[in-house]
Asker: 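First the structure, then my questions, so here it is.
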Amino acid sequence: MSNAGMMENEHQRRALAVEGALMLLIDGLASRGTISVDEAEDMLRVLASSSEGSAARASSSLRVVKQIRKLRRGDGMATPGA
């Protein structure tokens, strides 16, 4: 594999790692009530819009955020831990 190909693979792996870390961070902040469910959904939708793969990876985080909304009785702006 050429040096350019190796660099591209490295960039791809790092991008996926950053995306995964962002999703974990968003899930955690929403779960603790540091950010609202509405804010979490907005951020996850931005991540999901970048590619089909990102959309697939963000779908589980979006499901988590929707469950949090249900637990908060539909109040998307609530931030109980803030």
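This is a predicted model, so every value here is computed, not measured.
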Asker: Let me confirm one number: the CD-CD1 distance from E41 to I68, rounded to the nearest 0.5 Å.
Answerer: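 If we round to the nearest 0.5 Å, E41:CD and I68:CD1 are 9.5 Å apart.
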Asker: When rounded to the nearest 0.5 angstrom, what distance separates CG in D42 from CG in L47?
Answerer: 11.5 Å
Asker: Heavy atoms, side chains only, cut-off 4.5 Å: are M43 and L22 in contact?
Answerer: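 They are not in contact (no side-chain heavy atoms under 4.5 Å apart), so the answer is no.
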Asker: Is the closest basic N to carboxylate O distance between D38 and R69 below 4.0 Å?
Answerer: yes
Asker: Between atom CD of E39 and atom OG1 of T34, what is the distance when rounded to the nearest 0.5 Å?
Answerer: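 With rounding to 0.5 Å, CD (E39) is 10.0 Å from OG1 (T34).
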Asker: Sub-3.5 Å donor-acceptor pair from the side chain of S54 to the main-chain atoms of S50, do we have one?
Answerer: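 Checked: no pair found.
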Asker: Please determine whether residues V65 and L25 belong to a single hydrophobic cluster, defined as Ile, Leu, Val, Met, Phe, Trp and Tyr linked transitively by side-chain heavy-atom distances below 4.5 Å.
Answerer: yes
Asker: Does any part of the side chain of M6, heavy atoms only, come nearer than 4.5 Å to the side chain of E10, both counted from C-beta?
Answerer: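 No - every pair of side-chain heavy atoms lies 4.5 Å or more apart.
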Asker: What's the spacing between S31 OG and I26 CD1 if we round to 0.5 Å?
Answerer: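 The CD1 atom of I26 is 11.5 Å from OG of S31, to the nearest 0.5 Å.
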Asker: With rounding to the nearest 0.5 angstrom, report the CE to CZ distance, M23 to R57.
Answerer: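 M23 CE to R57 CZ: 6.0 Å, rounded to 0.5 Å.
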Asker: Report the distance from atom OG of S61 to atom CG of L44, rounding to the nearest 0.5 Å.
Answerer: 5.5 Å
Asker: Which heavy atom of A48 sits nearest to which heavy atom of A58, and what is that distance?
Answerer: CB-CB, 3.8 Å
Asker: Look at the side-chain heavy atoms of Ile, Leu, Val, Met, Phe, Trp and Tyr, link any pair under 4.5 Å apart, and say whether M77 and L62 land in one connected group.
Answerer: no
